[in-house]
Amino acid sequence: MLRVLKSSTCLTACSAIALLSSMSALSAQTMTLVHPAPISRMHYEQLKAANPELLQTLTHAHMVAAHAPGKRPSGSVWQPLTNQPSFGAMCPLLLTDGTVLVGDVNGSADGGTGTSWFKLTPDINGSYVNGTWTQLADMQAGYEPLYVASAILPDGRVIIEGGEYNNGAGVWSGQGSLYDPVANTWTPVSPPAGMGQTNSVGDANGIVLDNGTFMLSPVYYPTSGEQQLFNEQTLSWTATGTNNPIQNDEASQSLLQNGRILTSAPYDNSKKKTQAALYNYKNGYWARIGAPPVQLWDENGEIGPQVTMLNGDVFAFASTPGHTATYSKSGVWTASPDMPIVDSKQYGMADAPATVLPSGRILAMGGPGYAQTPAHFFVYDGTSFTQTDDTPNAPSESDFQGNMLLLPTGQVLLTDQSEDVEIYTDPAAPVAGAAPTNVSVPATLKAGSTYTLRGAQLGGVTQGASYGDDYQSATNYPIVRITNNATGHVFYARTSNFSAMTVTPAARSTASFTLPAGVETGASRLFVVASGFASSPVAVTVKP
C-alpha cells in the first residue's frame, strides 16, 4: 500500500533542497507518497517572493522511500484494530453516538471528487479495538482538504473548515462543510464575509466556546487577527475578536475552565515573537497576557499543542528545542521540564498530538525535529516525562503525522495517515473528580425515544486531545452509554442539543439523548462519559 506522510512544515530553503536531493537517490527503493509540506502562511509569502520554484516543489506531492515498520513490544500499551482501515486514516472525531468519524487522507476512496469519510463502530461489548468500518457520504465535489479546522457542534453535527491544501494544491482553502450523522449528508458552508475560496481559512484553529458557539480563526492573510463565530442554523458567520493582537497563523488554542480561550502563537500583528492572549466570549475581546517564559515555537513559526489539564492549568508544548510551559488557572506562566533527549537528540513537538489521560497524565507524540524520524511517545505526570512504547510505524514516521482522540472507554485512538490505527490503554488508574456528576435521567426508557439529560460536568473538565493549529478533536460533551445487566452488551444513545460545552468544574447543563432502536431491553446501567471519564452508573429499565 501507499503510506501517506506529511512532510516538513516551514522547511527552510536549505533543508528543503536537501530533502529534494535525497529523494532523487531513492528511485531503486520502495516508494511511498509524501503529501505536500504544510507551510505557514507567512513562510509561504516569503517563498513566493524569494523562490517560487522551491515553493511549487514543496506544495506538491512527491514519492520517497518507505521505511520498514518496527516491532510491537510484548505487553505493549498499544493495540492495533482487529479490522484495520483500507485507507489512510486521519482527523478522528468522536460522534455523539459513540462512533468515530475518520477521514481519508488520500481524498476520495471511491473515485469521487470529495473527501471520503468512514465510521468506526465499537462491537457489542463496547470494544473499539474490535470495531467495524462503514463508509459514509463524501464531501461536496471539489473539496478534498488537508489540515483543517474541525469540531463537534452542540446539535451533534460535525464542522470541517478550510484546509491548507485542497486536492493536493496549496491554496489555503476557504471552503467548509457540515456533516449530519443522522442523514449522512454533507452541506457546503460558504467562507466568512470578505474571504474567498482560496487564500483565506487554510489550516485554521477552530474551537467550541463555553456557550457552544464554534469560533474559527482563519489564517486569512494579512488581516489574520480576526475570528469568526458560526451560526449552525443559518450557516453564516459573524466577526468577533477584531482587537486580537495575535495573528491566527499557526496559533494553538485551549478552552479554559473559566470559559476563556488561551491562544499562543509565533506571530503577532507587530511581528514580535513572543505572545499569548485571552479571549472573552461574553464581550468578544482579546486581552494580551504575559509571554511564556520559554520559546514555544521554532524558527519557522511552528508551535506545539496545548492541553487543559484536570486541575485547570494549561500545558503547552514547544516545537524545537523541546521546551514546555504551564499557564496556571491563576494566570501565571511558568517553565516546565523540557522533553527528553533520546539517542542524543532533543525531542519536541510541532503540529503533533497530545491528550490528557484519565489518570491525569499527558500522552504526547514527539520527534527529533520537525518532519524528522523516528517518532516516540512520552507520558508527562506533572513532574517529569517518561518514554513509553512506540507504535509499529513510529520508527519510520514523524510526530506531525499523528492525530489523537480520547474515546469513551478512556483509551486513546491514534491515526497516523496510514492504514494502521492504534489504541492506547493507560496503565495508570483514573483519578476521581473529573467525570460527569449528579446525572438525572428518567428511570424508564424506551427504545428509539428521546429524553433530557441533566447533570453537572456533563462536558468534563478538559477538552481531551490537542494537535496545535489544526485538526481539533475535543471531546468535552456528554456521551451516553447503556450496559444491559443480563448480557453485558453495550449501546450508545445519540446525544444532542447541548446547553453548554463548558469545562468548568461543577457547571450544570442539559442535553438530549435518543436511544437506538435496537437497544436491548431490561434492567440496565446508564453512564455519562465526557473526555474519557465515566459517571457513576444510573439504574434504568429499557422498554421495547
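Both backbone and side-chain heavy atoms feed into the values below; hydrogens, waters and symmetry mates do not. Numbering of residues begins at 1 and proceeds along the displayed sequence.
Between the Asn476 side chain and the Met501 main chain, a donor and an acceptor come within less than 3.5 Å of each other. Looking only at distances, no side-chain donor or acceptor of Glu232 sits under 3.5 Å from a matching main-chain atom of Thr213. Here the side chain of Asn166 pairs a donor or acceptor atom with the backbone of Glu144 at under 3.5 angstrom. Using a distance-only test at 3.5 Å, with no hydrogens or angles considered, no donor-acceptor pair links the side chain of Tyr477 to the main chain of Gly459. In terms of modelled atom types and a separation under 3.5 Å, the side chain of Gln372 and the main chain of Gly367 share no donor-acceptor contact. Within the 3.5 Å criterion, the main-chain N or O of Ser190 finds a donor-acceptor partner in the side chain of Trp237. Checking side-chain atoms of Ser466 against main-chain N and O of Val307 turns up no donor-acceptor pair under 3.5 Å. Using a distance-only test at 3.5 Å, with no hydrogens or angles considered, no donor-acceptor pair links the side chain of Glu164 to the main chain of Gly202. Side chain of Asp399 to backbone of Ala375: no donor-acceptor contact under 3.5 angstrom is found. Between the side chain of Tyr143 and the backbone N or O of Gln175, at least one donor-acceptor pair lies under 3.5 Å.
Residues Thr415 and Val105 are not in side-chain contact: their nearest non-hydrogen atoms beyond the backbone lie 4.5 Å or more apart. Glu397 has its side chain out of reach of Ser418: every pair of non-hydrogen atoms, C-beta onward, lies at least 4.5 Å apart. Taking the side chain as every heavy atom from C-beta outward, Tyr327 and Gln306 never approach each other to under 4.5 Å. No side-chain heavy atom of Tyr467 sits under 4.5 Å from any side-chain heavy atom of Ser150. Val100 has its side chain within reach of Leu407: a pair of non-hydrogen atoms, C-beta onward, lies under 4.5 Å apart. In this structure, the side chains of Glu161 and Gln228 stay at 4.5 Å or more apart for every pair of heavy atoms. Counting heavy atoms from C-beta on, the side chains of Asp249 and Val219 come closer than 4.5 Å. Looking at heavy atoms from C-beta onward, Tyr279 lies out of side-chain contact with Asn244 at the 4.5 angstrom threshold.
In this structure, Ile303 and Ser264 approach most closely via the heavy-atom pair CD1-O, 3.5 Å. The two residues Ser496 and Asp155 come nearest to each other via the heavy atoms CB-O, 3.6 Å. In this structure, Met90 and Val102 approach most closely via the heavy-atom pair O-CG1, 3.4 Å. The two residues Val461 and Thr308 come nearest to each other via the heavy atoms O-CG2, 4.2 Å. Between Leu296 and Ala316, the closest heavy-atom pair is CD1-CB, 3.9 Å. When all heavy atoms of Leu406 and Gly464 are compared, the pair lying nearest together is CD2-CA, 4.1 Å.
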Derivation of the side chain to side chain contact (heavy atoms under 4.5 Å, CB included) call for Ser319 and Trp297: CA-CA 5 Å; Ser319 175; Trp297 35 87; 5.5 Å; no
Asp470/Val148 under side chain to side chain contact (heavy atoms under 4.5 Å, CB included): CA gap, chis, key distance, verdict: CA-CA 5 Å; Asp470 53 40; Val148 298; 6.0 Å; no
Residue pair Leu229, Leu209: steps toward the side chain to side chain contact (heavy atoms under 4.5 Å, CB included) verdict: CA-CA 10 Å; Leu229 300 179; Leu209 303 177; 3.9 Å; yes
Does Val412 form a side chain to side chain contact (heavy atoms under 4.5 Å, CB included) with Leu357? I'd like the steps, not just the answer. CA-CA 8 Å; Val412 179; Leu357 297 169; 3.6 Å; yes
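In this structure, Phe315 has its ring center closer than 6.0 angstrom to the ring center of Phe317.
Leu278 CG to Arg288 CZ: the interatomic distance, rounded to the nearest 0.5 Å, is 12.0 Å. Distance CG/Leu93 to CH2/Trp117: 6.0 Å, rounded to 0.5 Å. Note that OH of Tyr285 is 8.5 Å distant from OG1 of Thr240, once rounded to the nearest 0.5 Å. Between the CD atom in Glu250 and the CG atom in Asp203 there is a gap of 5.5 Å [rounded to 0.5 Å]. Asp416 contributes atom CG, which lies 11.0 Å from atom OG of Ser398 (distance to the nearest 0.5 angstrom). Note: Ile261 CD1 to Leu255 CG = 4.5 Å, rounded to the nearest 0.5 Å.
Taking the six-membered ring where tryptophan is involved, the planes of Phe87 and Phe118 are essentially parallel, since the angle between them stays under 30° and well short of 60°. Relative orientation of the Phe230 and Phe214 rings is perpendicular, given thresholds of 30° and 60° on the angle between their planes.
A donor-acceptor contact closer than 3.5 angstrom is absent between the side chains of Thr391 and Asn393. No hydrogens or angles considered: nothing links the side chains of Ser254 and Gln463 as a donor-acceptor pair under 3.5 Å. Checking Ser116 against Asp104 by side-chain atom types alone, no donor-acceptor pair falls below 3.5 Å. The closest side-chain donor-acceptor pair between Tyr380 and Thr324, if any, does not fall under 3.5 angstrom. With no hydrogens or angles considered, no side-chain donor-acceptor pair links Ser328 and Asp313 at under 3.5 Å. In the model, Ser531 has no side-chain atom that pairs as donor or acceptor with a side-chain atom of Thr462 under 3.5 Å. If you check the side chains of Gln227 and Asn248, you find a donor sitting under 3.5 Å from an acceptor. Looking only at atom types and distance, the side chain of Tyr179 has a donor-acceptor partner in the side chain of Asn184 under 3.5 Å away.
With sequence neighbours left out, Arg494 forms a salt bridge (charged side-chain N to carboxylate O under 4.0 Å, His left out) with Asp97.
Of the residues listed (Asp180, Leu153, Thr96, Leu95), the one engaging Val158 in a side-chain contact (heavy atoms from CB on, under 4.5 Å) is Leu95, and it is the only one.
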